[in-house]
Every structure is written in structure tokens, then in C-alpha cells.
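Remarks on the structure that follows.
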Amino acid sequence: MPHKYILRSHFNAEAKFSIDYAKELTEEQLAVVTAPGGPMLAIAGAGSGKTRTVTYRVAYLVESGVPLDRILLVTFTNKAAKEMLSRVELLLKRDVRGICGGTFHHVGNLMLRKHAKLIGYGPNFTILDRADSKDLIDKSITQANIDIQMRRFPKGETLQAIFGLSVNTGRKIIDIVADNYPQFEPLTDDIERVFNLYQARKKDQNLMDFDDLLLHWWKLLAQNPEIAEKYSHKFQHILVDEYQDTNLIQAKIIDILAKQHRNLMVVGDDSQSIYSFRGAHFKNIMNFPKVYSEARVHKLELNHRSVPEILDLANETINQAKEKFAKTLRANRPSGQKPVVAPLTTAAEQAAFVVQRMLELREEGLSLNDMAVLYRSHYQSMEIQMEMTKRGIPFEVRSGLRFFEEAHIKDVLAHLKLFHNWRDEAAWARALKLLDKIGPRTAEKVFGFVAGSRELGANSILADEALKLIPRGGEAGFKKFQNLIEKLSEQVNSPAEMIKIVAESYYADYLRFQYANHKERLEDLEQLGSYATQFKDLEELLSALALVSGMESETVVGGDGGDKEACVLSTVHQAKGLEWKIVFVVWLADGRFPSYLSFNKEEEMEEERRLFYVAITRAKDELYLTYPIIYSSYDGEVLMKSSRYIEEMPEGLYEKWEVAEEVPWGHMEAVELKDLDFMK
């Protein structure tokens, strides 16, 4: 029989506990876990044991006599819910499957199945995945008689983003388009018509997409008071994890469910609210004490992850946020190394520094699995990827595809390859099929014509005979292609200028209308152009890219080549919730982090600061903050300012390192490790 600990319960005066909560938890955690009923906000600072606190709170409720089916646990991933409930079972040594736990979408699905008829659905409705949802949107476009080629209508993936943002933020489509997709503003009426057709098709076919699960769940509760009362009575205690990431609909649903008992515990960190682009509403967590005036606010400030020096920097950064819950992270670990700020001359030298420091740390006994490189935007990983590939260092990219596997990178390079080897059929096919009305057959005909005009090479495409091969309706686009080829032919000795010409041609419009994330893709092309400035001609650039792309990062320089060892390259958004012993945050130049797109937008700039806070609090032992001083753009070299976040830091909070010897980019493969000397 387990020992029974006597602990005064706020729910059952005679309850006895098998868990010694006072022994297992810190004072801060214990106060949250054993708090009485009523609304409660737990501000859980980074690394403060949030998951442990929620898990023990559930166990405490069960041991206090709250029936399992009267507890609702809402998380942002089903994996998180399963892990928490599994831990509760281990703690209590009993089955707790009666607890209702899962994501908002999971719980909403369960509730909607029981009451689907009240919202005009059958209980056997099908949930669409993203691919099926896109297919249905495409059919709705066809039903609306919209010629997507003639009118440059947004693709299904872009419409998914528009519709989802509208549903999750409660904003009208006209406002979403105007604010986020201005290139489609003239088509707003048609976009709304497609949205209405899409909604009608789903209803007719008894289908729901993921956004519908939230929207219809909220409507079910808001429009049917008896149902709302039933579930508000049923769930005696409600716990919501990652509350800073909830959107307006999710907050409204929770408010309805908590109306009767008001035993609502929400856990989160306002300083880690970084998902507004997905519809997350920062004000939900900030306004919680106003919505629930009797709410108690607890703070978990004891950090179990990072050394004090990293936390000092994190506290200094977030203290300058304009809207926040005041808190100060305290370390539960002994003193360690101060964060390092390392300005490097170029992006190439930044990459060389990061990779060299990783190898040095590995020589000291650390694994690459203990290391991560974080950045604001995916394109900022390009030089790092190149350097790691050339040095044979395995890495995992979590922010997207490897840089040279991206479709838009391949598209632009295909245009350049035409002038390096005009008989490259794959390059011709890729470039031509970007044009309206040109498919595989037409591309094959055009290539046949070019291949038969040996004297002129790629410039044979400029002939009038080539235009005659193009189907009706595609002539205008093909003429633009001819103009582009003519401009490119004048710049074959300047690959960077060639990339700029393609990126500023009709291809920029292609990206805007093809991809919801066109801004990020255009940034990728700018970075590709910057990288190309170091090469004297096209052949040198394409040869370098081919060699790098052909290399497999399967071994570690000087290591044993273990397949499972690899460092992580990730955007900060993808890294939230994770931790590593060693973290490099790169491209900390103003305009890059924070992003220039957020300048003069106060709310967005505040979120950029929170993003930086998330980045630095991923580090456990060592933190390196780097940025290039000089950026080689299409138009020449640009002097970069260090990020305002670095400028704000008191010098005593970090060490500044300088590179003792510059190593030219493009020659790193010939340099021995010992020749790279980084000193403080």
C-alpha cells in the first residue's frame, strides 16, 4: 500500500494523497497545483516546469475526489495530452482514461459528433485533411467559372490560408485580403464567392475542415443554450495549456464551458506569444484577469533549463516589452558561460564561425545533437547549410526543405542553366512550364526547335519561329520570356545580376500568385543573389552549387560518422518548446531580426521581441549571437547594423568575440581546422 500523505484539500476535506506534492514540487509549482477552485492564470516562464505543473494539478484534482469525467484538459497537440495523462497514470498508478483530454479540435470533434444535427450536419461527417480541402476549394473555383490562368486567381493553398485566417481571427475576408494579400484585392468579390461555394459544398456533402471544427463547436454552444449549460455543468474543472497561443474562437469556447463552475486554470507565457500569423490572439492571456476579475495570478519563475548568465540576458530583453506580466526568471543551476556576441564580416564568415565552433565543441565531448542554429527566416540558413554540407557535417533542417531543393530556387537556377548548357532539356522544360498555356508537350516542341538551332544556342528562343510553337493565349507570356532571355544573355558574366533579373521579372508575379508565402520566397532569391556575388562567372557558380548539392552530409569531420548525430537548423517559430545545450542565433542584424517587415508596426515589433526571447531561452549551457557586418546585395555591399536587441544589452551581460583571421568564402574546403582561430 502506498504511503498516504496528509495535505489539506480544497475540494475534499477528508482526501488523503499518495503523492507527496510538497516534496515533488517547487514552492511556486505547489501553489499552482494545490490552489483552490476558481479562475487561475499560471504564467509559466521558459523552462519553469509548466508540463510538470499541469500534470501534477490533474493528479491533485483526481486525488481530491474530482470525478475523472468532470475534468477537461485542453492542449495544443494530442501528443502533449497523451504524455500528460500518461504521467498522471504513472503518478497515481491507476487508469485515468475517463478524463477528457486532447486538442481543441479533438474535443470539438467529440462534441460535434453528438450534436451535429443541431448545426445541420449528420453525426457521420467527414473531416477533410489539407489535401482534400484544397481539392474541394479547386472544385469551388471551377464551379464559379473562374479562369485561374487568365485572371491570376490565387491557388487553392493560398485560399486555404485566407479562409483559415478569416475564421480563426473573426475578420472579414475583404479585410484579410487587403491586409495580407493586397495583390488579390481586385479579386476580393470572387474570392468571397468561392468561399461561399466552398462552405455550401462542405455542408451539402457532410464535410468539415479543421477550422470548421472550432467554428461549428463555438456555434453549437453559442446558439444552443441548453447544450452550453449541459457541458458547463459537466466540466467541473477545465485546464488549458499554452493559453497564449489560443485564438478568439478558442477563448470564447472556453469561456462558455467554464461559465457555471468557473474552475478554469489557464497556463502559458505571454512572453512566448509568437503565432499571430496563425490567428493566435495575444490579448487572450493579457486580458484574462480582466475577463475573470476574481482570478488569481501565479508565476513560475524558477528556471530549470538555463545557466544564470543566459537568463540575465533574457530578463533584460523581455523587461523592455511594452505589454507584459512582470516576471524575472531565476536559475536553478550554477553559474556558467556568458552569452557570446560575435560580429562577423560577411554571411559566409558567420557560417564559418558557427561551423568551426560546433566542431570545437564536439572535440570537447559534446554531440551535434546537443546543438542548434536558430534564425528568424528560412532563407537565413542558406550559408549555414552550404558550409555544413561542404564540411561533411550532418544537419536536420526543420524550417523547410534544404535550400537548393526549394522549387523557386530550382526555377531561377533553371534560367541560368540555359546559358551554361543550352542543350539542358530539363532546364528548358522547368523554365517554360512556368508560363501560361505551356505544358510538357509544348515545352518539348520548343526545346526541339532550340536544339536544332545549334548556331544561336539559347538565343535561338528569340526567333519568330519559336513564338509560332506557342498555343493561342500563351503568346504574351512567351514574349515576356523572350525579353527575359535577351536581358539575361547580356549578363552571363554576372550570375548575381542574372538572378536579380529573373527575380524582378514576371517570375516575381508568378510567386505572388502561386504561393501564400511569396514574400519569404522572394527573400530566398535575394539571399541566393547575395551568395552569387562571390563568383566571377556563371560556370563557377553552377559548378560550386552542383558540387555542394551532390555531397551527402553523412559524416562528421574527424568523427565516427554516426548516422543519428546531427545538429538542428530551425526557425525560432519551429523551435518553440524545445531546448539544446548549445544554441547559435544568427543574422541578428536590424531588419533581419527583427524583420524589416515589422518596422513601424508596434504590435508586430512587440512580437518580434518575444520571438527573440524565445530564441535565447532555448539555450541551456552556451548561447552565441552572431550577425554579418557586410551584406553583399544585388546592388553592391551594404553595411549592416547589429540588431536593436544586441544594442540594448548592457555590455556586462555578454562577451564580445572577434575573428582573429578572415577566411575567404569559397576557400573553406581547403582550410585545416587548426587554421581557423577564434579568440575572445
Side-chain angles (χ1 to χ4, degrees), residues 274 340 342 344 346-362 366-410 517 520-521 523-528 530-531 545 548-549 551-557 559 561-589 592-593 595 611-612 614-628 643 665 668:
I274 59 174
V340 171
L344 287 306
T346 65
E349 290 186 15
Q350 176 180 241
F353 168 78
V354 169
V355 173
Q356 172 63 16
R357 186 63 187 138
M358 280 187 170
L359 292 173
E360 291 172 352
L361 290 165
R362 191 173 185 276
L366 287 167
S367 167
L368 292 175
N369 296 332
D370 296 324
M371 308 178 201
V373 182
L374 306 184
Y375 34 84
R376 173 65 181 81
S377 301
H378 178 56
Y379 75 87
Q380 294 167 349
S381 69
M382 191 194 80
E383 289 87 359
I384 307 287
Q385 290 188 40
M386 293 287 290
E387 186 67 13
M388 287 186 170
T389 303
K390 288 163 68 175
R391 302 287 289 275
I393 299 175
F395 61 91
E396 176 188 348
V397 182
R398 294 187 180 174
S399 53
L401 294 172
R402 295 196 175 205
F403 194 81
F404 293 103
E405 295 174 1
E406 298 274 8
H408 53 295
I409 301 298
K410 289 184 174 181
N517 66 338
E520 289 85 351
R521 291 175 187 261
E523 287 179 333
D524 288 351
L525 297 183
E526 182 184 346
Q527 196 68 15
L528 179 64
S530 172
Y531 170 71
L545 295 183
V548 171
S549 299
M551 295 171 65
E552 294 292 335
S553 293
E554 294 179 348
T555 59
V556 183
V557 175
D563 290 339
K564 294 183 179 180
E565 186 178 359
C567 70
V568 168
L569 308 186
S570 174
T571 60
V572 183
H573 286 101
Q574 293 286 343
K576 183 177 176 291
L578 304 176
E579 59 184 38
W580 294 270
K581 289 183 179 179
I582 313 296
V583 170
F584 298 85
V585 186
V586 298
W587 277 98
L588 279 165
R592 301 307 172 96
F593 198 163
S595 168
L611 194 64
F612 179 63
V614 169
I616 59 182
T617 54
R618 299 311 93 200
K620 298 166 69 175
D621 299 342
E622 297 183 24
L623 174 66
Y624 298 87
L625 308 175
T626 72
Y627 63 94
S643 171
W665 176 252
M668 283 300 300

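Keep in mind that this is a model prediction, so the values were computed, not measured. The analysis underlying the following values was restricted to heavy atoms, covering all of them including side chains, and did not include hydrogens, waters or symmetry mates.
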| request: Go through Ile384 and Val354 one step at a time and tell me if the side-chain contact (heavy atoms from CB on, under 4.5 Å) criterion holds. | output: CA-CA 8 Å; Ile384 307 287; Val354 169; 4.2 Å; yes
| Can you list the residues that meet the ring-ring contact (aromatic ring centres under 6.0 Å, His included) rule with Tyr624, with sequence neighbours excluded? | Phe584, Trp657
| query | Going by heavy atoms in the side chains, are Gln350 and Val586 under 4.5 Å from each other? | reply | yes
| query | Between Glu387 and Arg357, does a salt bridge (charged side-chain N to carboxylate O under 4.0 Å, His left out) hold up when you go through it step by step? | reply | CA-CA 13 Å; Glu387 186 67 13; Arg357 186 63 187 138; over 6 Å; no
| query | Do NZ/NE/NH1/NH2 and the carboxylate oxygens of Glu396 and Arg398 come within less than 4.0 Å? | reply | yes
| field | CG-CG distance between Leu374 and Leu569, expressed to the nearest 0.5 angstrom | value | 9.0 Å
| task | Could you check if a side-chain atom of Leu623 sits within less than 4.5 angstrom of a side-chain atom of Val585, using non-hydrogen atoms only? | result | yes
| message | Let me confirm one number: the CZ-CG distance from Arg362 to Asn369, rounded to the nearest 0.5 Å. | response | 9.5 Å
| query | Under 4.5 Å between any side-chain heavy atoms of Arg376 and Trp587, yes or no? | reply | no
| task | Please lay out, stage by stage, how Gln574 and His378 fare under the test side-chain contact (heavy atoms from CB on, under 4.5 Å). | result | CA-CA 10 Å; Gln574 293 286 343; His378 178 56; over 6 Å; no
| message | I'd like to know if the side chain of Thr346 and the backbone of Glu349 have a donor-acceptor N/O pair within less than 3.5 Å. | response | yes
| task | Would you mind reporting whether Tyr379 and Glu520 have side-chain heavy atoms less than 4.5 Å apart? | result | no
| said: Whether the side chain of Ser530 engages the backbone of Glu526 through a donor-acceptor N/O pair (distance < 3.5 Å, no angle test) should be reported. | reply: no
| note | One should read off an interatomic distance between His408 NE2 and Leu528 CG, to the nearest 0.5 angstrom, of 9.0 Å
| For Ser570, does its backbone N or O pair with a side-chain atom of Tyr375 as donor and acceptor, under 3.5 Å? | yes
| said: Given 3.5 Å as the limit, does a donor-acceptor pair link the side chain of Glu565 with the main chain of Leu368, or not? | reply: yes
| remark: d(Met388 CE, Leu359 CG) to nearest 0.5 Å is 8.5 Å
| task | Taking salt bridge (Lys or Arg N to Asp or Glu O under 4.0 Å) as the test, write out the residues that go with Arg618, two or more places apart. | result | none
| remark: d(His573 NE2, Ile274 CD1) to nearest 0.5 Å is 4.5 Å
| query | Would Glu383 and Gln527 satisfy side chain to side chain donor-acceptor pair (under 3.5 Å), going step by step from the backbone distance to the final call? | reply | CA-CA 9 Å; Glu383 289 87 359; Gln527 196 68 15; 2.7 Å; yes
| said: I'd like to check Gln380 versus Arg592 (side-chain heavy atoms, cut-off strictly below 4.5 Å). Are they in contact? | reply: yes
| task | In sequence, state the C-alpha distance, the side-chain angles, and the governing distance for Met371 and Val568, and then conclude on side-chain contact (heavy atoms from CB on, under 4.5 Å). | result | CA-CA 7 Å; Met371 308 178 201; Val568 168; over 6 Å; no
| query | Do Leu625 and Ile616 have side chains that get closer than 4.5 Å, going by heavy atoms? | reply | yes
| Atom OG1 of Thr617 and atom CZ of Phe612: how far apart are they, to the nearest 0.5 Å? | 10.0 Å
| said: Could you walk me through whether Asp370 and Trp580 satisfy the side-chain contact (heavy atoms from CB on, under 4.5 Å) test, starting with their C-alpha distance in whole Å, then the side-chain angles of each, then the deciding distance to 0.1 Å, before giving a yes or no? | reply: CA-CA 5 Å; Asp370 296 324; Trp580 294 270; 5.8 Å; no
